[in-house]
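Fair warning: this is a prediction, and the values are worked out from it, not measured in the lab.
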Amino acid sequence: MSASRHVLLGGHGVVGRETARALRARGHDPVTVGRRPVTEGDGSSVVADLLDGDDVRRALRGADVAYLVAGLPYSTRTWREQWPTVVRHAARAALDEGVHLVHLDNVYAYGPVDGPMTEETPLRPTSRKGAVRAEALGQLDALRSRGLTVTTARSADFYGPGAATSAFQGFVVDRVVAGKRPTWLLDADQPHSLTYTPDVGDALAVLGTDERARGRTWHVPTAPPLTGREWGELAGVAPDRMSVMSLATLRLGALVAPAARETLELTYQSTAPYVFDSSRASRELGLTATPASVGVAATLEHARAVAR
C-alpha cells in the first residue's frame, strides 16, 4: 500500500464516495472530510467545516493530495456566499501544506458554446452560478502563480447510482421506477452529454496519482451524447412516452419551486446541443467512459433496490 495520504474535502456525496472507492482500488486509504464522520465501514474520516480555514488546514496537514469534491445546495445565493470561501480555504491550505489539489468543476463557467465543449473552451459565463464558478477558477489561478499545484477535472451533468441530485435521476430514473411518465427539460431531441459518476471517481483517482495529469485541466471521460429520447429509451421509455417540460411550464414552476427557479438561467443547456468532449483524457491518459447503456442499467438497478 502506498504511503501517500489522500484527503477528500466534502467527500460525503456520491462523487466523494466514488473517488474513495477508486482510490482504494489503487491501494490507497483515503480520508473523508466533512461535517459528520463517515458511517462504519466507509473508511477513515475527519470532522471539519470547509467554511473554516483553520479546520481545512488541519485536515490537510500531512496530506499529499486533496480532492475538492464538495457539493452545495443548488442555490445561487448559497453558491455566492459559500463556494468562493470553500475554494479559497482549500487552495490556501493546500499551498501552505504543500498538497496537490485536485479540483472538481462543472461546465457553467463556459456559458453557451457553439460546438463541443473542450478543455480549450473559453470561460464566458452568462449565468450567476457560472460567474461564481469562474471567480473560483480565478482564485486558483492566482495561487498557482504562488506555487499551488492544482489539477482541475471538469464534468458534464451527472448521473449514476445514488446520484440523488441528478436531473436525469429525478425526472427519468425515479419516475420510471415509480411507474410514472418521465420528463425531459425543454427539448428531448437535442444531443445531451451525461457523465457517469463512477467514471468521475475513477478519473479523479488517476488525476491525483498520475504525474502526466498534474497541474492541467481535464474533461472527465464521458460517453457520446444522446438525445433526451435516446436516454429515455435506455431506461425503457418509448420515445412517444417521454414528456417534455416547456419553458412556460418551467417559468410557472419557478414561481413556487426553488429548483425550477434556479434552472431558468441555464436553459441554454437544454435548447441547443450540449456536447462534452473528453477525448483528451482518453488519448493521453487512457481513460474511457462507461457505455451509456451500461451506466443507465446500473443506475436503474440501484434505484429499484432503494425503492424496495
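- Taking the six-membered ring for Trp and the full ring otherwise, Trp184 and Phe171 have centroids separated by 6.0 Å or more.
- Thr183 has its side chain out of reach of Val244: every pair of non-hydrogen atoms, C-beta onward, lies at least 4.5 Å apart.
- Residue Leu9 forms a side chain to side chain contact (heavy atoms under 4.5 Å, CB included) with just one option from Leu60, Val69, Val86, and that option is Leu60.
- Looking only at side-chain heavy atoms (C-beta outward), His6 and Val31 stay at 4.5 Å or farther from each other.
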Working for side-chain contact (heavy atoms from CB on, under 4.5 Å), residues Tyr67 and Val7 = CA-CA 6 Å; Tyr67 303 80; Val7 175; over 6 Å; no
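- Within the model, atoms CG of Leu68 and CG of Leu50 stand 7.0 Å from one another, a figure rounded to the nearest 0.5 Å.
- Cluster annotation: Val275 is not connected to Leu194 through the hydrophobic network of ILVMFWY side chains, with a link wherever side-chain heavy atoms come within less than 4.5 Å.
- Counted by atom type alone, Thr76 and Glu262 present one or more donor-acceptor pairs between their side chains at under 3.5 Å.
- Leu123 and Trp218 sit in two unconnected hydrophobic clusters of ILVMFWY residues. Membership requires side-chain heavy atoms under 4.5 Å apart, directly or through other members.
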With side chain to side chain donor-acceptor pair (under 3.5 Å) as the test, would you mind laying out the steps for Ser279 and Ser282 before giving the verdict?
-> CA-CA 5 Å; Ser279 58; Ser282 176; over 6 Å; no
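- Ion pair Arg5/Asp29 not flagged as a salt bridge, since none of the NZ, NE, NH1 or NH2 atoms sits closer than 4.0 Å to an Asp/Glu carboxylate oxygen.
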Let me see the working for Asp174 and Lys180 under side-chain contact (heavy atoms from CB on, under 4.5 Å), right down to the final yes or no.
-> CA-CA 8 Å; Asp174 288 347; Lys180 298 178 181 178; over 6 Å; no
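- In this structure the side chain of Thr19 never reaches within 4.5 angstrom of the side chain of Asp202, judged on heavy atoms.
- To the nearest 0.5 Å, atoms OG1 (Thr217) and CZ (Arg280) are separated by 7.5 Å.
- Put simply, the side chain of Thr85 never gets that close to the backbone of Leu51: no donor and acceptor are under 3.5 Å apart.
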Apply the test side-chain contact (heavy atoms from CB on, under 4.5 Å) to residues Leu143 and Leu101: give CA-CA distance (whole Å), side-chain angles for both, the deciding distance (0.1 Å), then the verdict.
-> CA-CA 11 Å; Leu143 290 179; Leu101 180 64; over 6 Å; no
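- Qualifying salt bridge (Lys or Arg N to Asp or Glu O under 4.0 Å) partners for Asp55, counting only residues two or more places apart in sequence or in other chains: Arg58.
- Of the N and O atoms on the side chains of His89 and Asp52, not one donor lies less than 3.5 Å from an acceptor on the other residue.
- Using a 4.0 Å cut-off between charged side-chain N and carboxylate O, Arg214 and Glu211 make a salt bridge.
- Two residues are said to be in side-chain contact when any heavy atoms from C-beta on lie closer than 4.5 Å; Ser44 and Thr32 fail this criterion.
- Defined by atom type and a distance below 3.5 Å, a donor-acceptor pair is present between the side-chain atoms of Thr151 and His100.
- By the 4.5 Å heavy-atom criterion applied to side chains, Trp231 and Pro225 are not counted as neighbours.
- Between the CZ atom in Arg154 and the CG atom in Asn106 there is a gap of 8.0 Å [rounded to 0.5 Å].
- In terms of hydrophobic clustering, with Ile, Leu, Val, Met, Phe, Trp and Tyr side chains grouped at heavy-atom distances under 4.5 Å, Leu300 and Met242 are assigned to a common cluster.
- Contact check on Arg212 versus Glu284 returns no salt bridge, with no Lys/Arg side-chain nitrogen under 4.0 Å from an Asp/Glu carboxylate oxygen.
- Few gaps surround CZ on Arg216; more than 12 heavy atoms of other groups in view lie less than 6.0 Å from it.
- Looking at every heavy atom in both residues, Ala289 comes nearest to Ala223 through CB-N, 3.4 Å.
- At distances below 3.5 Å, at least one donor-acceptor pair connects side-chain atoms of Arg17 with backbone N or O atoms of His12.
- At least one side-chain heavy atom of Gln269 sits under 4.5 Å from a side-chain heavy atom of Val107.
- Tracing side-chain contacts under 4.5 Å through hydrophobic residues (I, L, V, M, F, W, Y), one never reaches Val102 starting from Leu95; they form parts of separate clusters.
- The CG atom of Leu8 sits 6.0 Å away from the CG atom of Leu23 when rounded to the nearest 0.5 Å.
- Remark: Arg92 CZ is loosely packed, at most 12 non-hydrogen atoms of other residues, nucleotides or ligands lying under 6.0 Å away.
- Counting only N and O atoms by type, the side chains of Thr249 and Ser246 include a donor and acceptor under 3.5 Å apart.
- Nearest heavy-atom pair across Ser293 and Leu234 is N-CD1, 3.8 Å.
- Nearest heavy atoms, Trp83 versus Ala136: NE1-CB, 3.6 Å.
- Within the 4.5 Å cutoff, the side chain of Arg24 has heavy atoms near those of the Pro30 side chain.
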Going through the checks in order, is the side chain to side chain donor-acceptor pair (under 3.5 Å) test met by Thr222 and Ser193?
-> CA-CA 7 Å; Thr222 299; Ser193 296; over 6 Å; no
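- Of all non-hydrogen atoms in Ala163 and Tyr159, the two that sit nearest each other are CB-C, 4.2 Å.
- Using modelled atom types, one side-chain atom of Tyr110 and one backbone atom of Thr118 make a donor-acceptor pair closer than 3.5 Å.
- Under a 3.5 Å cut-off, the side chain of Ser127 and the backbone N or O of Gly130 do form a donor-acceptor pair.
- Separating the CD atom in Glu230 from the NE2 atom in His192 is a distance of 13.0 Å, to the nearest 0.5 Å.
- Taking the six-membered ring where the residue is Trp, Trp79 and Tyr108 present parallel rings, their angle staying beneath 30° rather than reaching 60°.
- Using a 4.5 Å cut-off between side-chain heavy atoms of Ile, Leu, Val, Met, Phe, Trp and Tyr, with links allowed through other members, Val56 and Val46 fall into the same hydrophobic cluster.
- Residues Val296 and Phe168 are in side-chain contact: their nearest non-hydrogen atoms beyond the backbone lie under 4.5 Å apart.
- Thr271 and Asp187 are not linked by any side-chain donor-acceptor pair at a separation below 3.5 angstrom, with hydrogens and angles left out of the test.
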Starting from the C-alpha separation in whole Å, work towards a yes-or-no answer on side-chain contact (heavy atoms from CB on, under 4.5 Å) for Val65 and Thr209.
-> CA-CA 8 Å; Val65 187; Thr209 57; 5.8 Å; no
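- Nearest heavy atom pair, residue Pro221 against residue Asp199, reads O-CB, 3.9 Å.
- Atom CZ of Arg181 is surrounded by more than 12 heavy atoms from other residues, nucleotides or ligands within 6.0 Å.
- With rounding to the nearest 0.5 Å, the separation of OG in Ser243 from CZ in Arg175 is 7.5 Å.
- Ionic pairing of Glu233 and Arg229 is not present here: no N-O contact between side-chain nitrogen and carboxylate oxygen is shorter than 4.0 angstrom.
- What you find for Val220 and Ala153 is that their closest heavy atoms are CG2-CB, 4.1 Å.
- Between Phe276 and His219, the ring planes are parallel. Angles under 30° get that label, and only those over 60° would be called perpendicular.
- Salt bridge present: Lys129 and Glu265 bring a charged side-chain N and a carboxylate O closer than 4.0 Å.
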